[in-house]
Amino acid sequence: MKRYHYTEADFITKKAAQATLLRLLNPLKPFYSDGCAELELGVTSEISCKAFDTGFAVTKQEDCTARSLKGDGMDQMLWPDPNTNLIATKTVIPMVVYEIHEGTQIIETEFCYL
């Protein structure tokens, strides 16, 4: 599995952040290839909150999983309303919900499209 490493410098400006995210998140990849992608992030927060790390919308017939590798996230599926996707009438969105606490923590999510 290919691993990527990003630093604060990759997100220092809006333009740099957009370029970094476009390299990281190729939106067409799930539609033409099988496999898994892992994303590890260092999160620093001044407040406690929830973070929703989501994958791409997939049809109910497709097999897709999301799971937390670090950070004690809870694996879930989001069921949007029917006919809210331009490609398929019924979709699900795999996601992991993390409890983010004040301070810094590491979260890692794996998405597998089979």
Side-chain angles (χ1 to χ4, degrees):
M1 182 173 302
K2 190 171 186 179
R3 292 195 174 263
Y4 301 90
H5 179 75
Y6 297 98
T7 66
E8 186 176 339
D10 294 304
F11 299 92
I12 199 76
T13 66
K14 182 178 179 180
K15 187 175 181 176
Q18 288 173 334
T20 299
L21 291 173
L22 284 174
R23 284 193 311 271
L24 176 65
L25 303 172
N26 179 351
L28 296 177
K29 183 173 174 63
F31 295 107
Y32 64 78
S33 66
D34 296 340
C36 297
E38 291 179 12
L39 178 60
E40 180 178 326
L41 297 172
V43 178
T44 302
S45 179
E46 296 178 0
I47 60 170
S48 294
C49 59
K50 287 187 179 184
F52 298 83
D53 196 358
T54 65
F56 299 100
V58 294
T59 62
K60 292 181 181 180
Q61 291 78 29
E62 293 176 306
D63 191 7
C64 179
T65 61
R67 68 182 181 123
S68 172
L69 301 177
K70 292 181 185 172
D72 296 326
M74 183 185 309
D75 309 346
Q76 294 184 0
M77 285 286 193
L78 175 64
W79 299 82
D81 291 331
N83 300 315
T84 57
N85 185 296
L86 296 175
I87 298 172
T89 57
K90 294 182 181 178
T91 59
V92 294
I93 302 172
M95 68 179 179
V96 177
V97 180
Y98 293 97
E99 292 288 337
I100 304 298
H101 308 287
E102 291 182 43
T104 301
Q105 65 192 75
I106 301 293
I107 61 173
E108 184 174 4
T109 306
E110 176 185 63
F111 295 96
C112 290
Y113 296 89
L114 309 171

- Item | Thr65 vs Pro94 side-chain heavy atoms within contact, under 4.5 Å | no
- Of the non-hydrogen atoms in Pro80 and Thr91, which two are nearest, and what is the gap between them? CD-O, 3.2 Å
- Item | Distance-minimising heavy-atom pair for Met77 and Cys64 | CE-O, 3.2 Å
- Task: Locate the shortest heavy-atom distance separating Lys70 from Glu40; write the atom from each residue and the value.
- Result: NZ-OE1, 3.3 Å
- Message: Do Thr89 and Pro82 make a side-chain contact, defined as non-hydrogen atoms from C-beta onward lying under 4.5 Å apart?
- Response: no
- Heavy-atom pair of closest approach, residues Phe111 and Gly55: CE2-N, 3.3 Å
- Query: Should we say atom CE of Met74 is surrounded by more than 12 heavy atoms from elsewhere, each under 6.0 Å from it?
  - Reply: no
- When every non-hydrogen atom of Ser45 is compared with those of Ile100, the smallest separation belongs to CB-CG2, 3.8 Å
- The reported gap from OG1 in Thr59 to NZ in Lys90 (rounded to nearest 0.5 angstrom) is 12.0 Å
- Compare every heavy atom of Glu102 with every heavy atom of Glu46, then report the nearest pair and how far apart it is. O-CG, 3.5 Å
- Task: Say whether, by atom type as modelled, one donor and one acceptor occur between the side chain of Asp10 and the main chain of Ala16 under 3.5 angstrom.
- Result: no
- Query: Hey, what else clusters with Val97 if you join Ile, Leu, Val, Met, Phe, Trp, Tyr whenever side-chain heavy atoms sit under 4.5 Å?
  - Reply: Phe52, Leu78, Ile93, Met95
- Message: Hydrophobic clustering (ILVMFWY, side-chain heavy atoms < 4.5 Å, transitive) - are Leu69 and Ile106 grouped together?
- Response: no
- Item | Side-chain (Tyr98) to main-chain (Cys49) donor-acceptor, under 3.5 angstrom | no
- Hydrophobic cluster of Ile12, others only, ordered by chain and residue number, side-chain cut-off 4.5 Å: none
